Q: 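This is the structure I want to talk about, given as structure tokens.
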Amino acid sequence: MKIVLLGAPGAGKGTYAQYFRDKYCIPHISTGDIFRAEIAANTELGRKIKTYVEQGLLVPDDIVIEVVKKRLQQPDTVNGFILDGYPRTLVQAKALDEITSIDAAVHLVVSEEVAVRRLSGRMVCPVCGRVYNIYYEPKPRVDEQCDYDGAKLVRRKDDEPEVVRQRYRVFYQTFNPVIEYYRNTRRLIEVNADKSIREVVPILEKILIENKILNLKPCREVVLN
Ligand code: ADP
Ligand code: ADP
């Protein structure tokens, strides 16, 4: 199952990618997570991309493509992967098709109103990357603490309202050609992502199985809270 998850910030890309990662044991590859880790570790790459990421601007294509190419060469991707946050531009989408064959692009369609509220309540575990929300399920069992490893949850710098608006503008300016690219190559799947996680997960899973994209056996049971 080699898929990309497309959608505005707050559509739920990270949330659904983690569900499939946990249930089918295939890696969730998030360019945003990779970039944030590089920035935190103050690597050469991290220093190069810091200002873009913190202002909600797109990192230049050549840098992103190189990072993704390297990641997809890792052996854990043999049974498939879920790419989250890539591609963001037509150049990135075309470059990806040179690197590997993508089975489907799942577009999580979310309204701006819903997405902005979700992001203003998003809390993330800095250790395992799990995503929580102060307004919606999943809420952490103990306030501001990860259910799995007890780490103190953090808010992302770019979830500040001003930066969220900037990320929205960038998303709409650059994204339509990417959607059209996957539509024209008959790989686009669109799902209404305004619905709750409990509603979206079975819809998504069913579509992927029916289209013979998801043919892996679950490696563990995942309970939606
Ligand atoms: P993205 O990766 O697309 O920016 P996330 O998966 O990080 O989005 O989700 C954004 C926030 O919205 C998270 O805090 C998540 O828990 C919350 N959320 C609330 N309802 C939903 C839903 N129906 N689908 C996805 N995320 C939801
Ligand atoms: P979102 O919640 O906006 O989907 P991400 O975690 O995917 O956030 O990305 C955070 C930031 O990392 C983006 O605002 C951008 O600066 C950078 N970034 C991530 N993926 C890409 C990409 N494919 N191309 C360019 N920049 C990217």
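Order of appearance sets the numbers: ligands from 1, and atoms from 1 within every ligand. In this chain, residues are counted from 1 in sequence order. Nothing here was measured: the structure is a model prediction, and the numbers come from that model.
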Q: Under 6.0 Å from the ring centre and within 45 degrees of the ring axis: does the NZ or CZ of Arg122 meet both conditions for the six-membered ring of Tyr132?
A: no
Q: Is the shortest side-chain heavy-atom distance between Phe81 and Arg71 below 4.5 Å?
A: no
Q: Short list, please: which atoms of ligand 1 are under 4.0 Å from a heavy atom of Tyr132?
A: 13 (C), 14 (O), 16 (O)
Q: Is a salt bridge present between Glu66 and Lys70, judged by a nitrogen-to-oxygen distance below 4.0 Å?
A: no
Q: Is there a side-chain contact between Ser101 and Lys2 in this structure, where contact means two heavy atoms from C-beta onward sitting under 4.5 Å apart?
A: yes
Q: Any non-hydrogen side-chain atom of Tyr181 less than 4.5 Å from a side-chain atom of Asp97?
A: yes
Q: Between Glu190 and Arg183, does any side-chain N to carboxylate O distance fall below 4.0 Å?
A: yes
Q: Pull out every atom of ligand 1 sitting under 4.0 Å from any heavy atom of Lys195, numbered as shown with elements.
A: 22 (C), 23 (N)
Q: Give me each pair satisfying disulfide (SG to SG under 2.5 Å) with a member in residues 66-117, each pair once, sequence neighbours excluded.
A: none
Q: Is the closest basic N to carboxylate O distance between Glu210 and Lys206 below 4.0 Å?
A: yes
Q: Would you please determine whether Tyr135 falls within less than 4.0 Å of ligand 1 on a heavy-atom basis?
A: no
Q: Check each heavy atom of Glu199 against ligand 1 and say whether those closer than 4.0 Å belong to the side chain, the backbone, both or neither.
A: neither
Q: Heavy-atom contacts with Tyr136 under 4.0 Å: which atoms of ligand 1 show up? List them by number with element.
A: 19 (C)
Q: Taking the cut-offs as 6.0 angstrom to the six-membered ring centre and 45 degrees off its axis, would you call Arg118 and Tyr135 a cation-pi pair?
A: no
Q: I'd like to know whether ligand 1 has Ile197 as a neighbour, heavy-atom separation below 4.0 Å.
A: yes
Q: Counting both backbone and side chain atoms, is some N or O of Asp194 under 3.5 Å from an N or O of ligand 1?
A: no
Q: If you count only heavy atoms, which residues are under 4.0 Å from ligand 2?
A: Pro9, Lys13, Thr31, Gly32, Phe35, Arg36, Tyr52, Val53, Gly56, Leu57, Leu58, Val59, Val64, Gly85, Tyr86, Arg88, Gln92, Arg122, Arg156, Asp158, Arg167
Q: Does any non-hydrogen side-chain atom of Leu208 lie less than 4.5 Å from one of Ile189?
A: yes
Q: Can you confirm, on distance only, whether ligand 1 has an N/O atom lying under 3.5 Å from any N/O atom belonging to Thr15?
A: yes
